[in-house]
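Below you'll find the structure, written out as structure tokens, and then a few comments.
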Amino acid sequence: MTILPLRLSGEVAQALAEGAAVVALESTIITHGMPYPQNLETARRVEAEVRAAGAVPATIAVIAGEIRVGLEEDTLEALAQARGVAKLSRADLAACLATGGTGATTVAATMICAARAGIAVFATGGIGGVHKGAEESFDISADLQELAQTPVTVVAAGAKAILDLPKTLEVLETLGVPVIAVGQDAFPAFWSRDSGLPAPLRMDAPAQIAAAQRMRGALGLPGGQLVANPIPEPDEIAAETLAPLIAQAQAEAEAQGIAGKAVTPFLLQRLFELTDGRTLNSNIALVLNNARLGARIAAALADQSRVG
Ligand code: PSU
Ligand code: MN
């Protein structure tokens, strides 16, 4: 039998053994989602935010053929500065492990690794989804299927406005993924609070969100849930401001033949340039906000699991 090369940091292993609250964090946002040094600074701040809210952070990546759950400071630093790191989704994970490779985990791959480690809550910025023009390109993120299959609650600020949000919500519904808005009825659009679309579900209490994940398990349903947490008001960018810039970035991506895994990082980088860094500041603020909520959900889940 092949044994999964999975290594938990001492802190994460201890927290899980004690049934304490743990929040998984992804690494693609570090290597492909933000420029250095803001990526490193944000990764550290997100971990601090999780700790301040009473949970243990578990940043996940593949290092030299081994899944690491909970990264040491020097590993985090090396990842943040490395160039050309592989972006690992469900399809790439096994090959990377088998060949001793190193790579950053997307939402889909982070969910898989978190579930194997026994972590049920994961906080990030935004999930991947159905891209604009998907009827031609067929570009639909593997993140959506993962939410249908792997029992991890993912806290995100909705899906990025670079995506086709109505189609993204339709696919999530088809796949049977609960999409739960927090504190409002609307589905948030990453950099802005309101996508103009209603979220299918709303829950304002972390304990309810935790209970809903447990109930899915009790029903024998395999997947997780998407918790859509709107960006804090002072940090949002109006959808009208972004719309023409997104269209421009999109057109450039098409003209340059950007495809596959490269699409999301390209669009994020172009928007960062076109807004003089404003999208990056918003991105950082919403990730921190999601880390806080993730910690509260993980704490509620730990409490409920203790009771039975
Ligand atoms: N959210 C961000 N920045 C990112 C991503 C999400 O704020 O870089 C990453 C996540 O890792 C997500 C991935 O899983 O983009 C989606 O990529 P794709 O569209 O190629 O599936
Ligand atoms: Mn894609």
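Each ligand, and each atom within it, is numbered from 1 in the order the structure gives. Quick caveat, the model's predicted, so the values are computed rather than measured.
Protein heavy atom in closest approach to atom 2 (C) of ligand 1: Lys160 NZ, 3.5 Å. Of all protein heavy atoms, the one lying nearest to atom 8 (O) of ligand 1 is Gly33 CA, 3.2 Å. For atom 11 (O) of ligand 1, the closest non-hydrogen atom of the protein is Glu26 OE1, 2.6 Å. Protein heavy atom at the shortest distance from atom 19 (O) of ligand 1 is Thr264 OG1, 2.8 Å.
Protein N/O/S atoms closer than 2.8 Å to the Mn ion (ligand 2), listed by chain and residue number, are Asp139 OD1.
Using a 4.0 Å cut-off between heavy atoms, Leu268 contacts ligand 1 through its side chain alone, with no backbone atom that close. At a heavy-atom cutoff of 4.0 Å, ligand 1 is contacted by both the backbone and the side chain of Val107.
Listed by number with element, the atoms of ligand 1 under 4.0 Å from a non-hydrogen atom of Asp143 are 12 (C), 14 (O), 16 (C). Atoms of ligand 1 found under 4.0 Å from any heavy atom of Thr106, numbered from 1 in the order shown, are 11 (O), 14 (O). Close approach of ligand 1 to His131 is summarised as follows: ligand atoms under 4.0 Å from at least one heavy atom of the residue are 19 (O). Atoms of ligand 1 found under 4.0 Å from any heavy atom of Asn283, numbered from 1 in the order shown, are 7 (O).
The pair Lys167-Glu170 does not meet the salt-bridge criterion, since no charged nitrogen lies less than 4.0 angstrom from a carboxylate oxygen.
For the pair Gly126 and ligand 1, the shortest N or O to N or O distance falls below 3.5 Å.
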